Trainee: 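Following this message is one structure expressed as structure tokens.
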Amino acid sequence: MAMQDELRAIEAQFTQNLLDAQNMEALEKLRVSVLGKKGSLTAIMRMMGKIPPEERPAMGRLANTVRANVDEALKQRSMELSKKAMHERMQAEAADVTMPGRRLSRGTQHLITQIREEIEDIFCGMGYIVADGPYVETTYYNFTALNAPENHPSRSAKDSFYVVDNAPEGKPPLQLGDSDVLLRTQTSGMQVHYMEENKPPIYMICPGTVFRPDTADANHLPQFTQVEGLVVDEGITFGDLKGTLDYFCREIFGKDRATRYRPHFFPFTEPSCEVDVSCGVCHGEGCRFCKNVGWLEILGCGMVDPNVFQYVGIDPEKYTGFAFGIGVERVAALRYDLPDLRMLMEGDMRFLRQF
Ligand code: DAH
């Protein structure tokens with residue numbers, strides 16, 4: 001075949017192949033097959049020297065034109081292909097910005113946390129400080145300095161979770177009750193800690209978890225929440241106690257609930273009482289919720305026993321005070337007429353989401 005025919009044939013073949021090259025990879029292959037070291041056009045260029053000199057200029061021009069055409073066509077096709085690739089990618093990755101978004105559910109605080117914070121707010125509003133204390137206590141803080149005699153039933157291993165160390169080697173194993181470390185059964189120990197570290201006037205509350213070896217039932221949990229309160233100042237009377245706790249009950253339950261103060265015994269307060277709030281279901285008539293009593297107990301309280309002041313070095317002749325311990329789960333149950341305290345521990349979102 002004459003050289004010019006071959007050149008035309010190469011160009012024709014290239015043009016044909018160019019249409020078949022559907023991506024950059026195929027295009028590069030095509031380029032190499034024509035312009036590469038072993039490419040068809042390169043081979044022809046190499047033969048240029050062998051043709052008669054008079055034909056060379058014309059052949060040279062033609063070869064250069066073909067080469068320029070090929071270059072230009074490759075450039076064009078390359079641009080087309082990259083545009084096409086970009087277009088395809090944009091289609092594949094397109095997001096419909098008009099589609100409604102997916103709402104993240106924010107969750108809520110657990111009911112007990114909400115009520116604990118509400119109680120904190122009420123007392124902060126009266127100028128109290130919120131303190132925090134250890135969940136693991138010694139018997140000194142949990143009982144002794146709270147004026148509980150050595151034989152007080154609440155000290156027994158039946159009523160307290162003692163933390164028992166392994167006995168040293170060679171010694172008999174420790175029995176429950178031998179230990180003087182326990183999970184606190186009440187937040188009242190914080191009264192002692194706080195009075196050891198702060199001088200009167202004291203207006204303090206301490207919310208926290210307490211532990212007792214009770215089997216969970218509708219009214220009891222082995223782990224629950226108390227808010228301890230302590231006031232120590234000059235001239236504090238039972239009237240201050242009653243005014244404060246009545247105000248608290250009205251704030252937390254609303255004005256239509258009545259309170260009543262029932263005499264009771266606590267080792268660390270004298271006199272002591274338990275405070276009941278009228279049942280929200282029957283308003284005091286008596287129903288299943290309040291076990292036909294018409295009232296539900298929510299806290300214990302009393303005037304600080306002078307013996308407790310003596311343990312922490314506060315002069316009982318100069319200062320008087322009152323203390324109280326609120327059961328937060330009881331408050332929740334009363335406020336929302338919860339039939340069973342265990343609902344607060346189970347983590348059932350259908351229940352918890354309501355609050
Ligand atoms: N600690 C008591 C209990 O767990 C509640 C209590 C009663 C706390 C009287 C007090 C108080 O501060 O004065 O049953």
Side-chain angles (χ1 to χ4, degrees), residues 116 119 123 128-135 137 139-149 152-156 158-161 182-196 202-214 219-233 236-246 248-249 259-277 296-309 311-312 314 316 319-331 333 341:
R116 197 199 70 212
I119 295 174
F123 282 99
Y128 285 58
I129 275 170
V130 180
D132 198 11
Y135 286 17
E137 270 292 14
T139 47
Y140 178 80
Y141 288 101
N142 200 77
F143 299 119
T144 310
L146 288 169
N147 201 35
H152 195 270
S154 64
R155 288 181 182 252
S156 82
K158 231 172 78 260
D159 290 319
S160 298
F161 284 117
L182 73 165
L183 301 185
R184 66 178 176 191
T185 61
Q186 52 183 357
T187 44
S188 303
M190 258 310 278
Q191 294 184 30
V192 182
H193 285 294
Y194 200 84
M195 286 189 284
E196 280 179 350
I202 290 170
Y203 292 82
M204 176 281 281
I205 57 166
C206 169
T209 311
V210 300
F211 309 85
R212 291 180 196 177
D214 285 331
N219 296 307
H220 299 89
L221 296 174
Q223 172 183 327
F224 56 100
T225 315
Q226 288 187 332
V227 176
E228 192 73 18
L230 176 69
V231 169
V232 182
D233 206 343
I236 297 291
T237 67
F238 197 90
D240 296 312
L241 177 158
K242 197 159 182 294
T244 304
L245 294 179
D246 276 350
F248 163 74
C249 290
T259 52
R260 79 174 179 189
Y261 291 67
R262 233 177 339 98
H264 195 80
F265 173 80
F266 294 105
F268 41 93
T269 43
E270 181 62 33
S272 308
C273 41
E274 284 187 331
V275 176
D276 301 334
V277 173
L296 291 139
E297 178 213 328
I298 56 151
L299 62 86
C301 60
M303 301 305 290
V304 180
D305 193 298
N307 287 348
V308 176
F309 282 147
Y311 273 105
V312 294
I314 288 181
Y319 293 105
T320 48
F322 64 84
F324 55 88
I326 304 168
V328 180
E329 281 76 3
R330 291 275 175 88
V331 171
L341 291 186

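Counting starts at 1 for both ligands and their atoms, following the listed order. Please read all numbers here as calculations on a predicted model, not as lab measurements. Only this structure's heavy atoms are used, side chains among them; waters, hydrogens and symmetry mates stay out. Numbers here are sequence positions counted from 1.
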Trainee: Using a heavy-atom cut-off of under 4.0 Å, does the side chain or the backbone of Glu270 touch ligand 1, or both, or neither?
Mentor: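 Under 4.0 Å from ligand 1, Glu270 contributes no heavy atoms.
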
Trainee: Got an N/O contact under 3.5 Å between Phe324 and ligand 1?
Mentor: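 Checking ligand 1 against Phe324, an N or O pair does fall under 3.5 Å apart.
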
Trainee: Which atoms of ligand 1 have any heavy atom of Cys301 under 4.0 Å away?
Mentor: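 What qualifies from ligand 1 is 7 (C), 9 (C), 11 (C), 13 (O).
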
Trainee: Compute the shortest N/O to N/O distance between Ala323 and ligand 1 and return yes if it is under 3.5 Å, no if not.
Mentor: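 It does: an N or O of Ala323 is found under 3.5 Å from an N or O of ligand 1.
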
Trainee: Is it true that His264 lies under 4.0 Å from ligand 1, counting heavy atoms only?
Mentor: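 Per 4.0 Å heavy-atom rule, His264 does not contact ligand 1.
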
Trainee: Does a side-chain N-to-carboxylate-O contact under 4.0 Å join Arg262 and Asp276?
Mentor: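 Salt bridge: yes.
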
Trainee: Find all atoms of ligand 1 within a distance of less than 4.0 Å from any non-hydrogen atom belonging to Gln191, and give their numbers and elements.
Mentor: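 Numbered from 1, ligand 1 contributes 12 (O).
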
Trainee: Check ligand 1 against Gly302 and write out every atom of the ligand that is under 4.0 Å from a heavy-atom position of the residue.
Mentor: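 Near Gly302, meaning under 4.0 Å from one of its heavy atoms, ligand 1 has 13 (O).
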
Trainee: Under 30°, 30 to 60°, or over 60°: which ring-plane class applies to Phe123 and Phe324, parallel, tilted or perpendicular?
Mentor: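 Aromatic pair Phe123/Phe324 classed parallel.
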
Trainee: For ligand 1, does Phe266 get within less than 4.0 Å through its side chain, its backbone, both, or neither, judged by non-hydrogen atoms?
Mentor: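 Phe266 to ligand 1: side-chain contact only, backbone stays beyond 4.0 Å.
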
Trainee: Give me the ring orientation class for Tyr128 and Tyr203: parallel if the planes are under 30° apart, tilted from 30 to 60°, perpendicular past 60°.
Mentor: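 Aromatic pair Tyr128/Tyr203 classed perpendicular.
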
Trainee: Within less than 4.0 angstrom of ligand 1, does Phe268 place any heavy atom?
Mentor: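 Yes, Phe268 has heavy atoms under 4.0 Å from ligand 1.
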
Trainee: Please state which protein non-hydrogen atom is closest to atom 12 (O) of ligand 1 and give its distance, to 0.1 Å?
Mentor: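 Among all protein heavy atoms, the one nearest atom 12 (O) of ligand 1 is Glu228 OE2, 2.6 Å.
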
Trainee: Looking only at protein heavy atoms, which one is nearest to atom 2 (C) of ligand 1, and how far off is it?
Mentor: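 Checked against all protein heavy atoms, atom 2 (C) of ligand 1 sits closest to Gln186 OE1, 3.6 Å.
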
Trainee: Provide the number and element of each atom of ligand 1 under 4.0 Å from a heavy atom of Gly325.
Mentor: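 Checking each atom against Gly325, I get 6 (C), 8 (C), 10 (C), 12 (O).
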
Trainee: Can you tell which of Arg212, Glu297, Glu274 gets a heavy atom nearest to atom 3 (C) of ligand 1?
Mentor: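 Shortest heavy-atom distance from atom 3 (C) of ligand 1: Arg212.
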
Trainee: What atoms of ligand 1 come closer than 4.0 angstrom to any heavy atom of Ser188?
Mentor: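 Listed by number with element: 1 (N), 8 (C).
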
Trainee: Under 4.0 Å, counting heavy atoms only: does Met303 come that close to any atom of ligand 1?
Mentor: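 Distance cut 4.0 Å: Met303 fails for ligand 1.
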
Trainee: Polar-atom distance check: Thr185 versus ligand 1, any N or O pair below 3.5 Å?
Mentor: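 Such a contact does not occur with ligand 1.
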
